[in-house]
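The sequence lines fix the lettering, A, B, ..., with proteins before strands; numbering per chain opens at 1. Heavy atoms only: backbone and side chains are in, while hydrogens, waters and symmetry mates are out.
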Amino acid sequence: MKKYYLSTIVLALLFFITISQSVHAQTVAKEAVVKVEGEVLKPLSLSLSDFAKLKHVDVTMKSREGVLQQYSGVPIFDLLRLAGVTVGKELKGENLTKYMLVRSSDGYEVVFSLAELDPSFTNRVVILADSKDGKPLADGVGPFRLVVPDENKPARSALEVTNLIIRFAKD
Amino acid sequence: MQIESHYKKFTLLLVFVAALILVAATNADPVYTDPYKLEYPDYFGNRISIPDHNPTTKQGVYLGRMLFYETKLSSSKTISCASCHQQKLAFTDGKAFSSGINNVPTKRNSMSLANLLWVRNFFWDGRAKGLEAQAIIPLNDAHEMGAYLDKAVKDLQKTKNYPALFNDAFGSPDVTKDRIAMAIAQFERTLISANSPYDKYLRGEYKPTAAELNGMEMFMNSAEANKNIRGASCAQCHGTPKIYMELFHNNGLDSIPKDLGRESLTGMANDRGRFRVVTLRNIELTAPYMHDGRFKNLEEVLDHYNEHIMPSKSLSVTLQNRPNDVDGKSLGLTATEKANIISFLKMLTDSTFVNNPKFSNPHIKQK
């Protein structure tokens, strides 16, 4: 009796494994994610739905044409803290030589020093936005973009952000 | 007594053998090679890629050049890298699709090999990281060179000249797949094009014509119709003095692309029809143009950017809404402006590069 019981469980398990794999195989269209990696304690890979659960703030930025636009997103500082980057009290000494490389899906890259992103150094809040004026970001802009307020050129407000990479400046 | 002396002899032998092995091991001191000095202008910047395990040396570069022009690397013994990458055409082949073994056409247009030192992701879709990894791909491709690499290693080992060349470059006469790729990569890193009229202009040695100057301005600037600033935004993607930036874009060739480009690599819909923005250096020599060689000449390229940008979800933002005329729908360049941009593009032709004897076929005996 016990033998039958066991083999039923094994069969059932096998069944579920095959089912879940075939279901998985059908969902091949990849979901966009943004990754936080490099000199981090805990690498992150956040989808739009993971991102939606994080505390959002609103930030305004002028478009290239000079029109004020309202973006909503998560402060980069919060993402860095979540990934265990040396910000806040730990941002001193050699940690001040760390930078964040922002990479977009088209290969575009810009950098920030960690101090530029930390509220103990600056009042400016740089966010990774996932919506503009209450709507998801447009094709070619989102699903995630950087919003850097009060900068004369929008060049560092990178579009289609896929990676935030923390590194030490070497030599 | 007898036995003891036998033991002594045996230990002596052991010590001797061990010593031999040690000597042999420590004797494998670094190969004597001369570093190859890669020379390029300061305005190219130093964001170059040379892996630590494959420094560029004179011996390695020479071996790489031999291999680049070596037809023994293909199954038919007729195809070398240079079949599809000819120096006089800035290392392209003038065809929309190249043919290697069996005349099966390649899926994409052959690419110019200039200033690869500044490229990190190779091919039209950026699928190969680093030149060493890239070189293995054509060598192992059934259609390009007949997937002959494993056999070619054995063939080269048996030749008179190659074992010595491998010895000079890598310290032992062993021919290996990795060493073939490493030497070819070293040679490719030396293919630097930096002596075009545009370079001479940057160095203050050449005075551009009025047409060239206007073309340069149009190429570099972005239009701001309401401020009366005219431009073609080319430098947004093809900018910097290298006339190369490592970016991937959908430049509006098709609304529904036949070749998915980078999407087939990443699986992301926003990468549909995205290809690497390639160098425009020597562009006059590298027709036909684009990943599928669809444009026969630069006039057709300019017509494309000016009048035929095809909309799609992944079309680059830079190619949307940059009209030169208030309320314009397309770029709105005049015929003269288009011609001037082409004049500027022709300033990128580097005759020193395409005639440099250091890059030519070393198997052909010079008279």
Side-chain angles (χ1 to χ4, degrees), chain A residues 24-35 45-48 61-67 69 71 99 101-111 129-130 132 135-147 152-163 165 167 169-171, chain B residues 46-47 118-122 124-127 129 222-227 229 233 235-240 244-252 255 260-278 309 311-323 326:
Chain A
H24 190 80
Q26 273 163 12
T27 54
V28 276
K30 270 205 203 159
E31 199 184 3
V33 293
V34 60
K35 291 187 175 157
S45 176
L46 304 166
S47 66
L48 264 178
M61 185 183 78
K62 270 195 193 143
S63 71
R64 198 158 43 92
E65 291 76 25
V67 188
Q69 293 167 319
Y71 287 90
Y99 63 93
L101 173 69
V102 180
R103 188 176 292 150
S104 303
S105 61
D106 64 0
Y108 190 70
E109 292 174 327
V110 293
V111 298
D130 59 350
K132 184 183 114 182
K135 289 193 263 317
L137 300 177
D139 293 323
V141 177
F144 302 105
R145 78 165 291 180
L146 219 58
V147 176
N152 294 339
K153 269 185 163 196
R156 287 208 297 180
S157 292
L159 313 178
E160 296 184 284
V161 172
T162 53
N163 303 73
I165 305 160
R167 286 193 190 141
K170 291 189 182 143
D171 64 63
Chain B
N46 295 310
R47 201 180 183 193
W118 290 268
V119 178
R120 282 165 288 148
N121 298 283
F122 293 89
W124 284 103
D125 53 8
R127 68 186 182 281
K129 280 221 187 314
S222 298
E224 284 180 76
N226 45 16
K227 289 190 196 155
I229 299 175
S233 297
Q236 291 268 337
C237 295
H238 296 286
T240 78
Y244 175 71
M245 301 197 285
E246 188 138 322
L247 295 172
F248 297 90
H249 278 287
N250 177 323
N251 68 340
S255 287
L260 294 181
R262 208 162 156 74
E263 184 187 4
S264 45
L265 197 79
T266 64
M268 304 300 301
N270 63 345
D271 282 330
R272 181 156 310 168
R274 266 186 183 165
F275 292 90
R276 207 179 84 217
V277 181
V278 287
I309 296 287
S312 70
K313 284 181 105 171
S314 53
L315 172 62
S316 167
V317 177
T318 313
L319 292 168
Q320 303 174 29
N321 317 317
R322 282 288 172 97
V326 182

Open item on the list: Quick check for you: among B/Leu247, B/Leu315, B/Asn226, which has the greatest number of heavy-atom pairs under 4.5 Å with chain A?
Closed with: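 If we count pairs closer than 4.5 Å to chain A, B/Leu247 comes out on top.
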Task: From CA spacing to verdict: side-chain contact (heavy atoms from CB on, under 4.5 Å), B/Arg274, A/Asp106 - done: CA-CA 8 Å; B/Arg274 266 186 183 165; A/Asp106 64 0; 4.1 Å; yes
Task: Inter-residue atom distance B/Met245.CE - A/Glu109.CD, 0.5 Å rounding - done: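 With rounding to 0.5 Å, CE (B/Met245) is 12.0 Å from CD (A/Glu109).
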Task: Separation between CG of A/Asp139 and CZ of B/Arg272, rounded to the nearest 0.5 Å - done: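 One gets 11.0 Å once the value is rounded to the nearest 0.5 Å.
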Task: Heavy-atom pair with the smallest gap, counting every atom of B/Asp271 and A/Ser105 - done: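 Distance-wise, the nearest heavy atoms are OD1-O, 4.0 Å.
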TODO: Please look at B/Arg276 and chain A and tell me whether the side chain, the backbone, both or neither of the residue comes under 4.5 angstrom of a heavy atom of that chain.
DONE: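 For B/Arg276, there is no contact with chain A at all, as no heavy atom is under 4.5 Å.
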TODO: Select one option (side chain, backbone, both, neither) describing which atoms of B/Thr266 are under 4.5 Å from chain A's heavy atoms.
DONE: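 B/Thr266 touches chain A through backbone heavy atoms alone.
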